[in-house]
Amino acid sequence: MSTQESTPRVVLKVSGESLQGQRDSGIDSASLNDIARQIVECRNRGVEIGVVVGGGNLFRGRLASQLGMAEATAHYAGMLATIINGLALQDAIEAAGGEVRTMSALQVRQVSEIFIRRRALRHLEKGRIVLCVGGTGNPYVTTDTAAALRGIELDADQLLMGKHGTDGVYTADPATHPDARRYARLNYREALQQNLGVLMDASALALCEEHSLPIVVFNIETPDAIVSTVIDGPNLEQAGTRVDHGDTLLAG
Ligand code: UDP
C-alpha cells in the first residue's frame, strides 16, 4: 500500500444552518471563518478533507414549493444556494491559508469546476481541500444524499455530519422529552427502523449502510469541534454519535 492510500480521508457535511450562526438566515462571517480555519487546520494536520456544503440558510426547495414554486425548480434553486455558500467558504478557506477547489454537481463554469470523481481524488491526494457544491445535481433529495454519495465515491474513512443545535442522536427530541438519552453508538438498521430524521435522510443513511461508511454526528457549534472530531476522533462518552454496523449503545 502506498503512503497516499494510508492518509486518513474524511468527508465533512457543513449544513447551511451552521454557516448562519445565530442569524435567522444568510451567512454569519464569524461562523464561516471559524469553520474555514478548522478545515484548514485538519488539512495541515495531515487529513485529506472533502466538504459537502448545504444551502438551507439561503433556500430550501421544500419550503419554496409549498409557497407555489414548481417543486423541481425550487430544488434546483436550493442547489444553487449551496454553490453560493461554497463560494463563501472557498474564499474563507483561502484567507485561512488553505488550498481549495470547488467542484459542482451543476455546471456553473465561471465559478467552479464540474465534479469529476477522479479529478476530485487527485485534488485530495495533492493536499487540496475539495468543496463539493450543487448537491447531487438532482432535485427531490438533499445534501445529506450528496454527502453520503461523495463520502462513498471518494472512499472516505468516515462521514462527519456537523449539526447545529444538537450534539448527537437521541432516543427522542430532548427539547420535548427531558428523559431522552443520547446514542453513543447506533446501528444503521436501528437508525433506519426508528426513522431518526435528525441524523440524515433515510435514503442517504441506507447508502451509508450499504457501503459501510461510518457516520459521526457532532455539534459543529462546540468550539474547535471539527478539529477535535477529525484529529482525535469523537469522545463518545461526552458527546456525539457514531453510526455503523456495530451494536447500539446508549451514553452514560
Ligand atoms: N437540493 C436538491 N438536490 C440535492 C441537494 C440539495 O434538490 O442533491 C436542494 C433541496 O431543495 C434542499 C436545498 O437544495 O432543500 C438545500 O440543501 P439542504 O436542505 O440539504 O441544505 P442543508 O440543510 O444542509 O443546509
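Start at 1 and go down the list; that is how both ligands and their atoms are numbered.
Neither side chain, Thr248 nor Asn187, offers a donor N or O lying under 3.5 Å from an acceptor on the other. Neither side chain, Gln193 nor Tyr188, offers a donor N or O lying under 3.5 Å from an acceptor on the other. Side-chain atoms of Gln90 and Thr102 form a donor-acceptor pair, as typed in the model, at a separation below 3.5 Å.
Among all non-hydrogen protein atoms, the one lying nearest atom 1 (N) of ligand 1 is Val141 O, 3.3 Å. Among protein heavy atoms, the minimum distance from atom 16 (C) of ligand 1 is reached at Phe59 O, 3.6 Å. In this structure, the protein non-hydrogen atom closest to atom 7 (O) of ligand 1 is His75 CB, 3.1 Å. Of the protein's non-hydrogen atoms, Arg60 NH1, 2.9 Å is the one closest to atom 19 (O) of ligand 1. For atom 5 (C) of ligand 1, the nearest non-hydrogen atom of the protein is Thr142 C, 3.4 Å. Regarding atom 3 (N) of ligand 1, its nearest protein heavy-atom neighbour is Asn138 O, 2.7 Å. Summary of contacts: the protein heavy atom closest to atom 13 (C) of ligand 1 is Gly78 CA, 3.6 Å. Considering only non-hydrogen protein atoms, atom 20 (O) of ligand 1 sits nearest to Thr143 OG1, 2.5 Å.
By the 3.5 Å distance cut-off applied to N or O atoms, Lys13 is counted among the residues near ligand 1. Geometrically, ligand 1 and Thr136 share a nitrogen or oxygen pair separated by less than 3.5 Å. Between Arg62 and ligand 1, no N or O atom pair is found at a separation short of 3.5 Å. For ligand 1, the polar-atom distance check against Gly135 finds no nitrogen or oxygen pair separated by under 3.5 Å.
Remark: among candidates Ala146, Gly55, Ala147, Pro139, the nearest residue to atom 17 (O) of ligand 1 is Gly55, based on non-hydrogen atoms. For atom 12 (C) of ligand 1, the nearest non-hydrogen atom from the set Gly162, Gly61, Gly134, Ala105 belongs to Gly61.
A salt bridge links Asp244 to Arg242: at least one charged side-chain nitrogen sits closer than 4.0 Å to a carboxylate oxygen. Salt-bridge formation is detected for the pair Asp144/Lys13: a Lys NZ or Arg NE/NH1/NH2 atom is positioned less than 4.0 Å from an Asp or Glu carboxylate oxygen. With salt bridges taken as basic N to acidic carboxylate O contacts below 4.0 Å, one links Arg37 and Asp224.
Within 6.0 Å of atom CG in Asp173, more than 12 heavy atoms from other residues, nucleotides or ligands are found, so the atom counts as buried in its surroundings.
Within the listing of ligand 1, atoms 21 (O), 22 (P), 24 (O), 25 (O) sit less than 4.0 angstrom from a heavy atom of Gly54.
Proximity of Glu209 to Leu192: side-chain heavy atoms (C-beta onward) are separated by under 4.5 Å at one or more points. Looking at heavy atoms from C-beta onward, Glu71 lies in side-chain contact with Tyr140 at the 4.5 angstrom threshold.
Val216 and Thr229 get closest at one heavy-atom pair: CG1-CG2, 3.9 Å.
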